[in-house]
Amino acid sequence: MNNKYIFTSEKELYSTIGDNIRYYRKLFSLNKQELTQKKLAKLANISTSLIGNLESKNTFQGISVYNLYKISKILDVPLENFFIRR
């Protein structure tokens, strides 16, 4: 059984969240208006380095549920979508 919500490590979880933030931010930029890491960070009232670290393949950064919730509202994406492995 291949469950796309089961993670074998913390690294895999954070990587999935970061990949999805990048994916939905880029999708937002294509469909609505350009949304840079800096602009997303400003709208969510979080640091640009947090967004950069989350989207990076080389850094594994945790994020609070509240900050992830704010990002989901800005990107107009259900919160659970950030936990789906693609």
Side-chain angles (χ1 to χ4, degrees):
M1 182 168 127
N2 184 11
N3 189 329
K4 56 188 172 183
Y5 292 104
I6 294 179
F7 302 96
T8 58
S9 69
E10 186 177 351
K11 183 177 177 181
E12 184 181 12
L13 171 64
Y14 293 144
S15 179
T16 298
I17 291 170
D19 288 347
N20 284 320
I21 289 172
R22 180 176 44 260
Y23 172 80
Y24 287 113
R25 183 177 62 79
K26 297 281 187 179
L27 192 62
F28 187 95
S29 291
L30 285 172
N31 294 325
K32 296 182 181 178
Q33 66 181 15
E34 184 179 9
L35 189 61
T36 63
Q37 289 180 351
K38 184 176 183 177
K39 191 170 182 181
L40 176 58
K42 183 175 183 174
L43 290 170
N45 196 30
I46 57 179
S47 70
T48 304
S49 63
L50 175 60
I51 300 293
N53 286 344
L54 289 166
E55 291 188 5
S56 172
K57 292 285 188 191
N58 301 319
T59 306
F60 297 97
Q61 171 80 46
I63 184 170
S64 72
V65 173
Y66 179 62
N67 283 337
L68 192 57
Y69 170 77
K70 290 190 293 184
I71 292 170
S72 77
K73 290 299 176 193
I74 293 162
L75 297 177
D76 195 25
V77 174
L79 187 62
E80 61 269 16
N81 285 20
F82 292 111
F83 299 95
I84 299 173
R85 287 184 298 175
R86 297 181 189 286

I'd like to know if Lys39 and Glu34 make a salt bridge, using a cut-off of under 4.0 Å between side-chain N and carboxylate O. no
Would one find more than 12 heavy atoms of other residues, nucleotides or ligands at under 6.0 Å from atom CG of Asn31? yes
Reported CG-to-CG distance for the pair Asp19 and Leu54, which is rounded to 0.5 angstrom: 10.5 Å
Counting C-beta onward and ignoring hydrogens, is there a side-chain heavy-atom pair between Arg85 and Phe7 closer than 4.5 Å? yes
How long is the straight-line distance from CG of Leu35 back to NZ of Lys42, given to the nearest 0.5 Å? 12.5 Å
With Asn67, which residues qualify under side chain to side chain contact (heavy atoms under 4.5 Å, CB included), at least two apart? Ile46, Leu50, Ile63, Ser64, Lys70
Just how far is it from atom CG of Asn81 to atom OH of Tyr23, taken to the nearest 0.5 Å? 9.5 Å
By salt bridge (charged side-chain N to carboxylate O under 4.0 Å, His left out), Lys11 pairs with (sequence neighbours left out) none
Taking all non-hydrogen atoms of both residues, which atom of Ile84 and which atom of Asn20 are closest, and how far apart? O-ND2, 2.9 Å
Taking the side chain as C-beta and beyond, is there a heavy-atom pair between Arg22 and Lys57 under 4.5 Å? yes
Ignoring hydrogens and angles, tell me if any N or O in the side chain of Ser72 forms a donor-acceptor pair with the backbone of Tyr69 under 3.5 Å. yes
To the nearest 0.5 Å, how far apart are CG in Asp76 and CD1 in Ile71? 14.0 Å
Please name the pair of heavy atoms, one in Gln37 and one in Thr48, separated by the smallest distance, quoted to 0.1 Å. C-CG2, 4.3 Å
Looking at Ser29 and Arg25, would you say the former's side chain and the latter's main chain have a donor-acceptor pair under 3.5 Å? yes
Using 0.5 Å steps for rounding, measure from the CG atom of Leu75 to the OH atom of Tyr24. 10.0 Å
Closest approach of Leu68 to Phe83 (non-hydrogen atoms, all atoms of both residues): CD2-CZ, 3.7 Å
Give, for atom CD of Gln61 and atom OG of Ser56, the distance between the pair rounded to the nearest 0.5 Å. 10.0 Å
